[in-house]
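A quick write-up on the structure given underneath.
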Amino acid sequence: MTNPPDFTIDLRSDTLTQPTEAMREAMARAEVGDDVYGEDPTVNALETLAAERLGKAAALFVPSGTLGNLISVLVHCGRGDEMILGADAHIFYYEQGGAAAFGGVQPRTLPNEVDGTLDLAHVEAAIREDNDHYPVTRLLALENTHNRCGGRVLGMDYMDAAAELAHARGLRLHVDGARIWNAAVALGVSPARLLAGADSVSACLSKGLSAPVGSVVAGDADFVRRARRLRKALGGGMRQAGVIAAAGIVALEEMVERLADDHANARRLAEGLAALDGVRIASSTVQTNLVYFDLTRPSPDAADFCAALERQGVRMGATSATSVRAVIHRHVSAADVERVLAIVAEALRAAAA
Ligand code: TLP
C-alpha cells in the first residue's frame with residue numbers, strides 16, 4: 001500500500017475557490033441593513049457596480065446562478081410560454097427543469113454547435129408563428145461561456161446577431177453569463193459590450209471570481225423590479241446580505257483580470273493532455289478555464305479514471321462514461337498543472353498495462 005498523497009489539486013470546479021483575504025476583511029467591516037427593505041448599503045453598492053460592469057440599468061443580488069437564471073426566465077415568460085435554448089445549456093441540463101417546474105415554461109431545445117452557439121437559422125425556424133395550436137415563443141437563452149461545450153466563448157458578432165434576430169421576432173434574450181467574466185477577458189472586450197443586445201444576464205461572483213456566495217442578475221429597471229419581487233417569492237430575500245455582497249464587490253474590482261492566468265494554465269493543461277496516449281482533446285478549442293477531454297480506451301471508464309486520479313491527489317469530474325472535466329481556478333498554479341499532467345500520464349500508463 002502506498003501512502004495517500006499529502007496534497008490535493010482539486011479541479012472539479014471553479015466554484016471551489018475560497019474567498020480572498022481582501023474579501024474576508026471587506027466582509028468583516030461591511031455596513032449592513034435589511035436588504036428586503038432595500039436598506040443594505042453594501043448590497044446596493046454591489047448592485048450599482050454590477051449594473052455598470054454588465055452595461056445594464058439595474059442589477060439584483062441573488063444567492064446563486066441557478067436562482068438568477070430561474071428568476072430571469074420567469075420574468076420573461078409566463079405559464080405555457082416557450083423558451084428556445086441549447087440542449088447542452090446549464091438551464092436545461094443542470095437546473096432540475098426549474099423553469100418548467102415552477103413557472104410552467106416549456107423548453108424548446110436546439111442542438112448546440114460545438115462552439116456553444118445555436119445556429120441562428122435553426123433559432124429562426126423554431127420561433128412559433130401566431131397559431132392557436134402553438135405556445136408563444138418569448139425567450140431565447142444563450143450561455144457564455146458555454147460550460148458543457150468546453151468553456152467556449154460566444155463572440156461579440158454572434159451575440160449581436162442573436163439579439164437582433166430575437167428582437168426582430170419579438171423575443172427577449174437572456175444570457176446565462178455565469179462565466180461572462182471569463183468570456184470578456186478571453187475576448188478582450190468589456191462584459192457590457194458583449195451583453196449590449198441582451199435583455200437580461202445572470203452572472204456569477206462565486207466561480208472564478210472567488211466570492212463565497214452569490215450571483216447578480218441585470219437588465220432594465222422594469223426587469224429588475226419584477227426580478228426583485230420574484231426573488232422574494234422564491235425565498236431569495238436575504239436581509240443583512242451586505243456581509244456576502246462585500247465579497248462580491250471585491251470580486252468585481254479585483255478578481256476579473258486575473259482570469260487570464262487561469263486561461264493560460266488551462267491551455268497548458270490542454271496541450272499537455274493532447275500529447276498523451278489515451279486522451280482525445282482538441283486543445284486549440286480551450287479558450288477559457290474549462291478543459292474537457294475524452295478517454296479513448298474503453299477501460300477504465302471516466303468515473304474509475306477519476307477515482308484513480310483522486311488516489312494520487314488530483315480531483316476531476318466525469319461528465320459521461322468517456323469524458324472528464326478539469327476546471328482551472330485561482331488555487332491551481334502553473335506548477336500544479338505540470339504535476340497534474342504527470343499524474344494523468346501515470347494513471348493512463350497504469351490503466352494500459
Ligand atoms: N455550474 C456548476 C455545476 O452546476 C455544473 C459547475 O461546477 O460548473 N450557469 C452555468 C453555466 C454554470 O456552470 C452554473 C454552475 C450555473 C449556471 C449555476 O450556478 P450556481 O451553482 O451558483 O447555482
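Numbering of ligands and ligand atoms starts at 1, following listing order. Reckoned from all heavy atoms, side chains included, excluding hydrogens, waters and symmetry mates.
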*Parallel under 30°, tilted from 30 to 60°, perpendicular over 60°: which one fits the rings of His331 and His329?*
perpendicular

*What heavy-atom pair brings Leu348 and Gly278 nearest, and what distance separates the two atoms?*
CD2-O, 4.2 Å

*Using 30° and 60° as the class limits, which term best fits the ring planes of Phe223 and His76: parallel, tilted or perpendicular?*
parallel

*Linking I/L/V/M/F/W/Y whenever their side-chain heavy atoms sit closer than 4.5 Å, directly or via other members, would Leu165 and Leu194 fall into one cluster?*
yes

*Find out whether Val216 and Leu205 are in side-chain contact, i.e. whether some heavy atom of one side chain is under 4.5 Å from a heavy atom of the other.*
yes

*Would you check if Val105 and Glu82 make a side-chain contact, meaning some heavy-atom pair closer than 4.5 Å?*
no

*Non-hydrogen atoms closer than 4.0 Å to ligand 1: which protein residues do they belong to? List them by chain and number, please.*
Ser13, Ser64, Gly65, Thr66, Asn69, His90, Glu95, Glu143, Asn147, Asp176, Ala178, Arg179, Lys207, Arg325

